[in-house]
Enquirer: 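Before I ask anything, here is the structure I am working with.
Numbering of ligands and ligand atoms starts at 1, following listing order.
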Amino acid sequence: MIKLASPDIRKEDIRKAVDVLLTGNLIQGENVTLFEQKLTAFTCLPYSIVVSSCTAALHLSLIALGVTKGDSVIVPAFTFPATANVVEVVGAEIILADVDKTTYTMTPESLETAISGNKDKSIKAVIIVHEFGFPAQMKAISEIAKQHDLRLIEDAACALGTVADGHHVGHFSDMACFSFHPRKAITTGEGGAVLTNSQTLAERIKSLRNHGIEGIAKKIEFTAAGLNYRMTDFQAALAIGQLGRFRLELSKRSELANKYIQLLQHEKSLQLPINSDGHSWQSFMVVLNEHTSRQFVIEKLAVNGIETSLGAHAINCLSYYLGKYQFKQDSFNNARLLYERGLVLPIYGKLAVSDIEYISRAVITALGR
Ligand SMILES: *Cc1c(COP(=O)(O)O)cnc(C)c1O
């Protein structure tokens, strides 16, 4: 079976985690600090706070910016539901912006449309998603956010290693949130991180991750109503080796994506993802045309031992959001289309070029029935 995703956890990574377990210092130890330092070095972003998931990272980011009841936050219509859920959890409301059909991300134009169509709302922030590792247009988007006095958060769950407008993601925003779930390119089981340029926000997030504790003049004070969103030290130990090998992982993913594109480019019944500079290829999602049954293709590939999956979700089609916001049937059509016709194929560093050839042949056969 060729799995959809497979983390590159090696014996030496496991040994590091076991060493931590043997010491008995299980939380917030030297491996958490080392992982944070290595994330800072890798991304060139000065502050890094690791947490228990990307959802926790997004939640803390909204709390740190003071987003609350009465506020609205713009989120892309096509994403993993966590992007929208955190907004609801802090009591704010979502405003959806449709995504581009070819890049799967929010564009400067769709952001402008969402802002100008909701002038009656108190819009506080935007959460931009680098869907599947594709770099959103951060420079233009950050300029729009500035113009309208909106805070900018990047949901970079899929985007460790993604470079947008010449900088690692996180450069143009207030905060970027990363995931280390097993479906992402580096994993700690569950895990996440907030990276930021702002010392003030970094300190706030650090305190909020740990019950609102601050060390003031060698005394511990509870200065905010915080949460416990810490990462354990043995989880961080698992990630350090993976991050050390991550440049190689990224170039391998890029090579495999190029191979898919070369082999599938003449298939008229599917649209390929755009091969942009700076793409980190967390997932490789194709879009099937309206004459092709996605279920048929998924089943054909499964028979050939190939695991596939649907892409992200259209928030406007999810029962909670549909019920609360009563979205019109013909709104956010690109998100709906990607939700209904997207198909994610396996991509990760442990696959060989010959695996991609095998998968591509199976896809072509399934399409040509
Ligand atoms: C995976 C993912 C998340 C959630 O990450 P967790 O670490 O599982 O909380 C959020 N947003 C996007 C875009 C994702 O792909």
Enquirer: Provide the number and element of each atom of ligand 1 under 4.0 Å from a heavy atom of C158.
Expert: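 Going through ligand 1 atom by atom, the ones under 4.0 Å from C158 are 15 (O).
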
Enquirer: Considering the heavy atoms of S53, write down every atom of ligand 1 situated less than 4.0 Å from one of them.
Expert: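 Close to S53: 7 (O), 9 (O).
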
Enquirer: In the protein, what heavy atom is nearest to atom 10 (C) of ligand 1, and what distance, to one decimal place, separates them?
Expert: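 Scanning the protein heavy atoms, the shortest distance from atom 10 (C) of ligand 1 goes to D155 OD2, 3.6 Å.
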
Enquirer: Between F180 and F35, how do the two ring planes meet: parallel, tilted or perpendicular, split at 30° and 60°?
Expert: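 Judged by the thresholds at 30° and 60°, the geometry between F180 and F35 is tilted.
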
Enquirer: Determine whether any heavy atom of C177 lies closer than 4.0 Å to an atom of ligand 1.
Expert: no

Enquirer: Ignoring hydrogens and geometry, is there a side-chain-to-backbone donor-acceptor pair from K38 to G241 under 3.5 Å?
Expert: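 Checking the backbone N and O of G241 against the side chain of K38, no donor-acceptor pair under 3.5 Å is found.
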
Enquirer: If you count the atoms of ligand 1 from 1 in the order shown, which ones are under 4.0 Å from a heavy atom of G191?
Expert: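 Counting from 1, the qualifying ligand atoms are 7 (O).
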
Enquirer: Assess whether atom CG of L22 is packed by more than 12 heavy atoms of other residues, nucleotides or ligands within 6.0 Å.
Expert: yes

Enquirer: Does this structure show an ion pair linking D8 with K350, if we count only N-O contacts that are shorter than 4.0 Å?
Expert: no

Enquirer: For K324, does the NZ atom have more than 12 heavy-atom neighbours from other residues, nucleotides or ligands under 6.0 Å away?
Expert: yes

Enquirer: Please list, in number order, the atoms of ligand 1 under 4.0 Å from a heavy atom of C54.
Expert: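 Heavy-atom distances to C54 below 4.0 Å select 5 (O), 6 (P), 7 (O), 9 (O).
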
Enquirer: If you take the nearest heavy atom of each of E190, E131, H59, K184, which one is closest to atom 15 (O) of ligand 1?
Expert: K184

Enquirer: Under 4.0 Å from a heavy atom of T79: which atoms of ligand 1 are those, numbered in the order shown and with their elements?
Expert: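 Selected atoms, number and element: 13 (C).
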
Enquirer: Determine the interplanar angle of the F80 and H313 rings, folded into 0 to 90°, and report it as parallel if under 30°, tilted if 30 to 60°, perpendicular if over 60°.
Expert: perpendicular

Enquirer: Hey, which atoms in ligand 1 end up nearer than 4.0 Å to a heavy atom of V129?
Expert: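 Close to V129: 13 (C).
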
Enquirer: For atom 6 (P) of ligand 1, state which one of S179, A84, G192 supplies the nearest heavy atom.
Expert: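 Ranked by closest heavy atom to atom 6 (P) of ligand 1, first place is S179.
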
Enquirer: Could you find the nearest protein heavy atom to atom 9 (O) of ligand 1 and give me its residue, atom name and distance?
Expert: T55 OG1, 2.6 Å

Enquirer: Do Y339 and N334 pair up side chain to side chain, a donor and an acceptor below 3.5 Å, judged on atom types alone?
Expert: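 No.
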
Enquirer: Please determine if D98 and R336 form a salt bridge, counting it only when a charged side-chain N lies under 4.0 Å from a carboxylate O.
Expert: no

